[in-house]
Amino acid sequence: GHTFVWYSQTPSSLFQEYGSYVSKDRMNKRLESMIKNTFSAIKSQFPNLNLHSYDVCNELFVNDGGGMRPGYNSNWVKVYGEGNSEFVVNAFKYARQYAPKDCKLYLNDYNEYMSAKTKDLVNMAKTVMKEGDYIDGIGMQAHLDSKYPSASEFETAIKAFESLGLDVQITELDITNSTGSNDKLYPQIFEVAMKHAANISTVTLWGTTDERSWRYRENGGSPLPFNNYQ
């Protein structure tokens with residue numbers, strides 16, 4: 001499942017009432033209601049679905065890392081205040097309360113292999129973990145390019161997340177081809193994933209074939225292992 005807390009797509013009406021931003025207390029109730037009702041709807045509409053995992057919070061931090069998004073970029077921050085992680089902790093608490101018993105809960109982000117973003121994710125995971133058993137892992141979007149990062153740099157981030165005792169998911173893997181060598185980086189990334197397979201529960205490609213990828217014209221294209229399903 002993807003996702004409850006995201007700066008990008010949540011409609012502004014969720015944060016407002018009569019044209020003004022609601023209080024934190026009011027927003028907490030809305031956040032809880034959204035999460036509760038989502039899991040309830042999934043259970044009633046798809047009773048045979050085994051919901052493996054859910055990205056509770058997505059893309060909390062500035063592009064290359066170095067802190068949470070500011071208020072002008074996130075309605076969550078406008079309500080809760082700059083640098084306040086209360087809504088993140090609450091989202092994980094509510095998700096644990098209402099999710100199916102075996103559903104794992106994740107903190108997901110991009111550029112997660114950049115050292116500042118890695119640090120952001122580690123610190124936020126620790127913040128949530130201090131409050132209780134609410135988070136199961138880190139989701140690495142893994143939107144890569146053949147120029148950067150290297151497989152070893154990607155592995156460094158995996159090791160940082162592993163050190164928390166959390167699971168890792170590679171959630172949106174694609175590798176654009178600016179240097180013409182992503183055919184080398186792809187197997188290297190999968191070799192790293194296999195090396196750490198005990199702590200990586202899933203690897204998901206972000207699309208089926210190059211022509212249907214959101215990055216098919218970016219950085220030399222060819223972002224997926226398959227072209228015309230070959």
Side-chain angles (χ1 to χ4, degrees), residues 1-38 53-99 104-143 148-149 153 156-157 160-161 163-166 168-169 171-172:
H2 180 89
T3 177
F4 293 119
V5 172
W6 191 20
Y7 79 97
S8 178
Q9 299 295 328
T10 310
S12 59
S13 57
L14 187 70
F15 305 93
Q16 298 179 10
E17 197 162 42
Y18 306 117
S20 299
Y21 284 93
V22 299
S23 67
K24 289 192 298 180
D25 288 344
R26 181 69 174 150
M27 194 65 219
N28 286 337
K29 290 181 173 64
R30 291 184 175 187
L31 177 60
E32 181 177 8
S33 176
M34 175 175 65
I35 291 173
K36 178 182 179 179
N37 289 333
T38 298
S53 52
Y54 216 106
D55 294 331
V56 176
C57 296
N58 187 54
E59 300 178 0
L60 292 173
F61 308 103
V62 293
N63 191 37
D64 297 342
M68 295 178 69
R69 293 179 182 277
Y72 67 79
N73 191 225
S74 171
N75 281 321
W76 295 98
V77 175
K78 282 182 182 176
V79 171
Y80 287 89
E82 300 288 337
N84 186 352
S85 59
E86 178 183 344
F87 67 95
V88 180
V89 174
N90 286 345
F92 275 95
K93 283 183 178 180
Y94 301 146
R96 183 67 86 205
Q97 181 178 351
Y98 296 110
K104 306 298 185 184
L105 306 177
Y106 290 79
L107 175 63
N108 192 59
D109 216 312
Y110 65 93
N111 286 354
E112 69 291 336
Y113 45 82
M114 295 184 177
S115 59
K117 184 69 77 76
T118 301
K119 185 176 180 180
D120 286 334
L121 287 161
V122 167
N123 288 341
M124 185 61 74
K126 287 180 176 179
T127 296
V128 177
M129 292 166 73
K130 284 179 185 176
E131 298 296 319
D133 181 24
Y134 302 125
I135 183 171
D136 295 296
I138 302 293
M140 303 176 68
Q141 289 188 19
H143 296 303
Y148 178 75
E153 288 168 319
T156 296
F161 304 143
S163 71
L164 299 172
L166 296 175
V168 175
Q169 292 184 348
T171 59
E172 307 181 17

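Position 1 is the first residue of the sequence; numbering continues from there.
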Test side-chain contact (heavy atoms from CB on, under 4.5 Å) applied to Val5 and Leu31, step by step: CA-CA 9 Å; Val5 172; Leu31 177 60; 4.0 Å; yes

Stepwise side-chain contact (heavy atoms from CB on, under 4.5 Å) check, Leu105 with Ile135: CA-CA 5 Å; Leu105 306 177; Ile135 183 171; 5.6 Å; no

Verdict with supporting geometry, Tyr134 and Asn90, side chain to side chain donor-acceptor pair (under 3.5 Å): CA-CA 10 Å; Tyr134 302 125; Asn90 286 345; over 6 Å; no

Asn37 vs Tyr98, test: side-chain contact (heavy atoms from CB on, under 4.5 Å). Steps then yes/no. CA-CA 9 Å; Asn37 289 333; Tyr98 296 110; over 6 Å; no

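In this structure, the separation between NZ on Lys104 and CG on Leu166 is 11.0 Å, given to the nearest 0.5 Å. The distance from atom CG of Asp136 to atom CD of Gln169, rounded to the nearest 0.5 Å, is 9.5 Å. Between Gln97 atom CD and Glu32 atom CD the span is 5.5 Å, to the nearest 0.5 Å. To the nearest 0.5 angstrom, Arg26 atom CZ is 5.0 Å from Glu17 atom CD. A distance of 10.0 Å separates CZ of Phe4 from CG of Asp55, quoted to the nearest 0.5 Å. The distance from the OH atom of Tyr113 to the OG1 atom of Thr156 is 13.5 Å, given to the nearest 0.5 Å.
The side-chain heavy atoms of Tyr54 and Thr38, taken from C-beta on, include a pair separated by under 4.5 Å. Tyr106 is not listed as a side-chain neighbour of His2, based on a closest heavy-atom distance of 4.5 Å or more. Taking 4.5 Å as the limit, some side-chain heavy atom of Leu14 sits within range of a side-chain heavy atom of Met27. Considering only heavy atoms from C-beta on, Phe92 comes within 4.5 Å of Leu107 through its side chain. Inter-residue side-chain proximity for Asn108 and Thr3 is flagged as unmet; no heavy-atom pair is nearer than 4.5 Å. Annotation: side chain of Gln141 is in contact with side chain of Asn58 (closest heavy-atom distance under 4.5 Å). Two residues are said to be in side-chain contact when any heavy atoms from C-beta on lie closer than 4.5 Å; Asp64 and Lys117 fail this criterion. Thr171 is not listed as a side-chain neighbour of Tyr110, based on a closest heavy-atom distance of 4.5 Å or more.
Remark: side-chain polar atoms of Glu82 are paired, donor with acceptor, to backbone N or O of Gly71 under 3.5 angstrom. No donor-acceptor pair under 3.5 Å is formed between the side chain of Ser33 and the backbone N or O of Lys29. Checking side-chain atoms of Arg69 against main-chain N and O of Glu59 turns up a donor-acceptor pair under 3.5 Å. Side-chain atoms of Asn75 never come within 3.5 Å of backbone atoms of Ser12 as a donor-acceptor pair (strictly under, hydrogens ignored). A distance-only check finds no donor-acceptor pair linking the side chain of Ser85 to the backbone of Val88 [under 3.5 Å]. The backbone N or O of Ala157 sits nowhere less than 3.5 Å from a side-chain atom of Thr118 that would complete a donor-acceptor pair.
Taking all atoms of both residues into account, the shortest heavy-atom contact from Phe161 to Glu112 is CZ-O, 4.0 Å. When every heavy atom of Ala91 is checked against every heavy atom of Ile35, the shortest pair comes out as O-CD1, 3.6 Å. Residue Asn111 comes nearest to Asn63 through the heavy atom pair ND2-O, 3.0 Å, listed as atom of the first residue, atom of the second, then distance. Minimum heavy-atom separation, Ala95 to Val56: CB-CG2, 3.8 Å. In terms of heavy-atom proximity, Gly65 sits nearest to Asp120 at CA-OD2, 3.2 Å. Nearest approach of Pro70 to Val77, heavy atoms of both residues: C-CG1, 3.9 Å.
Identified under the ring pair (Phe, Tyr, Trp, His ring centres under 6.0 Å) test for residues 12-33, with sequence neighbours left out: Phe15-Trp76.
Counting heavy atoms of neighbouring residues, nucleotides and ligands inside a 6.0 Å radius, atom NZ of Lys36 does not exceed 12 of them.
Electrostatic pairing of Glu131 and Arg96 does not count as a salt bridge here, judged by no charged N lying under 4.0 Å from a carboxylate O.
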